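Since the model is a prediction, treat every value here as computed from it, not as a measurement.
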Amino acid sequence: MPVVSLQNVSKTFENHVVIDKLSLDVFKGEFLTLLGPSGCGKTTVLRIIAGLETCDQGGIHIDGKDHTHVPACDRDVNTVFQSYALFPHMTVFDNIAFGLKLKKTKPGEIKQRVEETLALVKLSGLGHRRIQQLSGGQQQRVAIARAIVNQPLILLLDEPLSALDYKLRKEMRLELRQLHRKLGITFVFVTHDQEEALTLSDRVVVMNNGAIEQIGPPKEIYEEPLNRFVAEFVGESNLFDAEVIKTWGETMDIRVQGVLKTVKNRRGFQAGQRVKVLLRPEDMTVESGKQACLPGSFPGRVEEMIYKGTTVELIIRLEDGKQVVVLEFFNEDAEDISYDMGEGVCVSWIDGWEVVLPHE
Amino acid sequence: MKRWIGISWLTAVYAFLYIPLLTLMVYSFNQARFTTVWKGFTLKWYVKLMANQQLLDAFFNSLTVALVASVIATGIGTLGAFAVSHYRFAGRKIFFGLIYSVMMSPDIVMGISLLMLFVLLGMETGFLTLLLAHVTFCLPFVMVTVHARIRGFDSMVVDAARDLGAGEFQIFFRIILPMILPAVLAGWLLSFTLSLDDVIISFFVTGPAFEILPLKIYSMVRLGVKPEVNALCTILFLMTLAAVTAAHFLTKEREQ
């Protein structure tokens with residue numbers, strides 16, 4: 001049984017549809033991420049789960065009970081806000097103890113639980129500090145502590161890492177994962193950062209325009225995107241227009257860039273149908289173009305070579321003017337990757353690593 | 001050169017502003033019965049003032065009205081500011097705009113319109129009408145001061161409190177009120193001084209049975225300025241100054 005279940009939820013703000021008949025199940029103990037561009041409605045979904053926003057249509061069940069009309073203060077859900085929203089007139093201790101005090105917990109127990117939680121977020125001994133005396137990273141930890149001290153059924157996190165610098169963000173990512181494992185609470189995390197979503201989650205929900213585009217584990221989202229939006233939003237991608245020539249079983253012939261290729265047909269495409277072929281930069285290969293290109297590869301010229309430490313990114317202009325991004329790794333076969341600007345090359349991909357999407 | 005022009009200009013402005021007040025304060029310590037000549041230092045006008053029962057009564061009346069009116073205005077104004085910034089309702093912006101128009105309208109207009117209202121309602125002018133009038137003109141100042149403060153902090157804080165289990169009542173008393181307290185106190189002090197100083201509106205809405213200090217002074221100076229009045233004005237000025245300074249520091253104060 002899902003711990004949170006949204007059924008056909010719709011929400012409109014001033015004639016603008018923010019959430020459009022959205023249904024979503026969140027399972028107990030999982031780390032679920034809502035990923036999407038800003039304005040896609042992911043924060044609104046979070047606020048609906050928290051009870052800070054009501055839905056115009058549809059309903060919400062939490063732990064199997066109808067919560068559609070239950071106010072935020074009576075839900076077993078706590079939130080870590082993007083701006084942290086700490087109480088500036090209280091100390092760290094009082095901020096964290098706020099929820100417990102409202103629940104009339106005994107002072108002794110409050111003290112114990114706050115101290116434990118402070119230790120958990122590595123802020124032991126800072127309970128007496130004022131919020132203004134803390135760094136951004138520490139404030140973030142207080143915000144997390146203030147939510148988890150209540151031992152909620154579900155912890156909601158609204159882009160909690162976006163205000164931190166790159167290094168701190170990576171650190172906090174790791175800590176969030178450990179925290180999730182330690183607490184066993186269901187986490188619902190909102191972000192527009194695909195790297196964050198892929199590294200943290202058990203499941204990713206890709207959202208666009210108030211609706212869900214795809215739900216799945218990070219690997220599936222990245223390797224088997226259902227449509228162009230997911231493919232382009234999550235990771236870098238090269239998209240080729242293609243046409244299905246002939247199909248047999250799980251295989252088909254397509255014509256792409258004027259070249260015939262045999263690829264898998266997992267989605268039952270028919271001959272004559274227009275499709276898009278998606279290739280991640282790291283799934284593409286580049287051969288020197290000193291001889292004529294082999295059948296099945298596209299001739300092109302190197303336009304740009306960008307050194308990225310462990311990889312080299314090549315930007316290649318194909319003969320018909322299309323631009324392709326290829327990622328080459330340094331390894332024992334290729335200790336030195338070097339191309340001249342404008343050098344002729346042949347671009348192909350590792351068979352079977354392509355994803356064929358319907359044409360949109 | 002430029003610097004000297006700046007300094008002398010500033011001196012001139014401050015002299016223009018403060019010489020009259022200083023003159024008044026200095027002459028309140030003057031021995032002379034007639035105020036224009038300096039005859040030596042004395043505190044006798046302050047002593048004499050303390051013996052003037054009529055003046056003391058008026059002073060006490062003024063304090064009473066100022067205290068009660070400012071407390072009522074602060075209570076209503078704070079809740080009003082909270083409502084305007086916290087809840088969405090039809091006409092919210094118009095409602096808040098109207099508050100400004102009360103603040104801007106000339107005292108004489110306010111005074112006459114309030115008098116007309118009280119006459120229409122058949123109310124006898126006196127303490128109650130005066131109090132109502134003072135609450136009316138103090139209220140916008142409280143609301144504007146408090147509203148600015150509420151706007152100044154992260155509204156997510158309210159969501160956070162609700163998320164942690166706080167009801168409306170707890171949100172107001174545990175989160176909003178402690179955060180806006182400096183502005184509430186500032187609004188209250190401002191109201192207090194406004195009420196204490198007011199002449200024009202009070203002139204219309206109070207009756208002969210309830211005399212307040214500014215009006216009493218006004219009637220006294222029609223017969224010539226007595227040194228007691230100087231002493232009284234000095235006390236009044238210092239009180240106002242203290243209240244305004246306190247209000248200033250309360251609104252300036254950042255949470256540190």
Contact residues of residues 108-119 of chain A (partner chain B; heavy-atom separation under 4.5 angstrom): none
Please check if atom CZ in Phe13(A) has more than 12 non-hydrogen atoms from other residues, nucleotides or ligands closer than 6.0 Å. yes
Are there residues of residues 34-57 of chain A whose heavy atoms fall under 4.5 Å of chain B's heavy atoms? If so, which? Arg47(A), Ala50(A), Leu52(A)
Compare every heavy atom of Ala160(B) with every heavy atom of Phe81(A), then report the nearest pair and how far apart it is. CE1-CA, 3.4 Å
Is Phe16(B) atom CZ crowded by more than 12 heavy atoms from other residues, nucleotides or ligands, each under 6.0 Å away? no
Any side-chain heavy atom of His89(A) within less than 4.5 Å of one from Ile175(B)? yes
Can you check whether anything in residues 95-103 of chain A gets within less than 4.5 Å of chain B, heavy-atom wise, and list it by number? Phe98(A), Gly99(A), Lys101(A), Leu102(A)
Is it the case that over 12 heavy atoms from other parts of the model lie below 6.0 angstrom from the CZ atom of Phe27(A)? yes
Taking CZ in Phe127(B) as the centre, count heavy atoms belonging to other residues, nucleotides or ligands within less than 6.0 Å. Is the count above 12? yes
Should Tyr84(A) and Val157(B) count as side-chain neighbours, where that means a heavy-atom distance under 4.5 Å? no
When you look at CZ of Arg92(B), are more than 12 heavy atoms from neighbouring residues, nucleotides or ligands closer to it than 6.0 Å? yes
Take atom CE in Met123(B); do more than 12 heavy atoms of anything else shown fall under 6.0 Å from it? yes
A quick test of your reading: do over 12 heavy atoms of other residues, nucleotides or ligands sit less than 6.0 Å from CG of Leu10(B)? yes
Anything in residues 64-78 of chain A with a heavy-atom distance to chain B below 4.5 Å? Please list those residues in order. Ala72(A), Cys73(A), Val77(A), Asn78(A)
Atom CE of Met156(B) and atom CG of Leu86(A): how far apart are they, to the nearest 0.5 Å? 13.0 Å
